[in-house]
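Whatever order the structure lists them in is the order used to number ligands and atoms, beginning at 1.
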Amino acid sequence: MASVLVASNRGPVSYTVREDGSLAARRGGGGLVSGLSALSGGSGGDSRAVDSLWVCAALGDGDREAVRRGGAEPGVRMLDIDPDVYDDAYNGIANSVLWFLHHHLYDIPREPVFDAAFRRRWAAYRAYNRAFAEALAEAADEGAAVLVQDYHLALVPGQLRALRPDLRIGHFTHTPWAAPEYLRMLPEDAHEELVEGLLGADEVGFHTRAWAAAFLADPLVERTIGETRVRVHPLGVDGDELRALAHRPEVDARLARLREEAGADRKTIVRVDRTELSKNILRGLLAYRELLTAHPEWRGRVVHLASAYPSRQDLEVYRAYTAAVAELADRINEEFGTPDWRPVLVSVEDDFTRSLAAYRLADVALVNPVRDGMNLVAKEIPVVSDEGCALVLSTEAGAYEELRADALAVNPYDVTATAEALHEALSMPAAERADRTKHLADAATNHPPQRWFRAQLDALRG
Ligand code: G6P
């Protein structure tokens, strides 16, 4: 039994089956991992020490095998959900409906279509949420605190409340929240279930005031909200930890190689994202192309280091987007490249060491999502960059609320304005750049994960 429980689709650890049949565990990072491990007395600590439990889904064959062999590591409970139900819930609803609604991503003349197939998937989403609610209800001590994460599990608070009225339940949304006129595209019964699901929580949290305001502006929320408190808890980064990670010998070595690939005397524009529709990678590349056209003095003197690693490849629209990014990068290289200058270097590996090396090398950071819950890359790069970096930041990123004073703001749809912001960033005097970077790093480290997690727990326990 546990007194603090976390629930999320993706858990803190994942397993693969080695050739010899043994299981290899890979630990993830992120705010929740460090928040919960701080609670248990340090990273890598046995989380049973504070009676905590993390409930998550078994995501692949390795995870399912771990469940079959008696479960994940102590402190983690993986739910082996029927693969068809899981696919409908995760791909069909969470990533194709809720993600699209909250990020305003639909191609409106064609989408969304809420038909009988949607209704079947919605029932799977409900069942998948229920599996979490039941596991939490079973494992929670009397009066325990339960922190439910993200749009995958929006129905859990209501379902869990019905099973266990004694619990203190929090829900945190890591994405934006859809504007009311966008969310009301959802069929009314599903919309009601979503709102009632979340309002089963004692505390509903968002990264920014804007997302909390969007939630509260939904007439259905206004009508239904009872005892639930809505709070803003912006997540930041742990500066000391991140700097230590970025100065390990393997990052030094990767940095040396990267500097050589880029060309030691060239400036760098760095971006690091999942290849995700909302990250706006294509318009970022178009802006870079326009920079090279409008300001030819940068040709041969700048390199765009773009990490765009694959994500959600079960969905056709993500596969097509991934291909389009590679194609546009190739076109720019063909158009402008010379024998000794490759204008864009794309990396598709999810390689944290390379990302940290790129962060350190960054003269300019490009973070231009069309809509983003927070965006931690915007906070990480200024903390880590060796010489200070100028941050070109979309006004539509959650991080903009905290970083606006020292970032160069861009409308993510305005390619010309983004190109001009890149030019301004590349031309920024060193003293101004250093000064802004310092302020950005201060703002970015205001709410490190441990404090972010603790604040939610304290609010929940009153
Ligand atoms: C966003 C979501 C997370 C999710 C992550 C990666 O940041 O808010 O909940 O885990 O994307 O997406 P994935 O589908 O790979 O878990």
Carboxylate-amine/guanidinium proximity below 4.0 Å for Arg161 and Asp202
yes

Polar atom proximity, Ser311 to ligand 1 (N or O, under 3.5 Å):
no

Please determine if Arg229 and Glu203 form a salt bridge, counting it only when a charged side-chain N lies under 4.0 Å from a carboxylate O.
yes

Counting both backbone and side chain atoms, is some N or O of Thr175 under 3.5 Å from an N or O of ligand 1?
no

Out of Gln313, Arg10, Glu276, the nearest non-hydrogen contact to atom 16 (O) of ligand 1 is supplied by Arg10

Going by atom types only, do Asn9 and Tyr86 share a side-chain donor-acceptor pair under 3.5 Å?
yes

Closest candidate by heavy atom, reference atom 3 (C) of ligand 1, pool Leu153, Asp150, Asn9, Asn375
Asp150

Please say which of Trp99, Tyr309, Tyr321 ends up in a side-chain hydrogen bond (donor to acceptor under 3.5 Å, both in side chains) with Glu276.
Trp99

State yes or no: are the ring centers of His207 and Phe172 separated by less than 6.0 Å?
yes

Atom 14 (O) of ligand 1 - nearest protein heavy atom and its distance
Tyr90 OH, 2.5 Å

Separation of Ile93 CD1 from Arg126 CZ (nearest 0.5 Å)
10.0 Å

Taking 4.0 angstrom as the limit and counting only heavy atoms of His152, give me the atoms of ligand 1 inside it, by number and element.
9 (O)

Flag the pair Lys279 and Asp372 as a salt bridge only when some basic side-chain nitrogen lies within less than 4.0 angstrom of an acidic carboxylate oxygen.
yes

For atom 5 (C) of ligand 1, which of the options His207, His174, Arg312, Met374 provides the nearest non-hydrogen atom?
Arg312

Contact check: Tyr151 vs ligand 1, nitrogen or oxygen atoms, below 3.5 angstrom:
no

For Arg274 and ligand 1, answer yes if some heavy atom of the residue is under 4.0 Å from a ligand atom, otherwise no.
yes

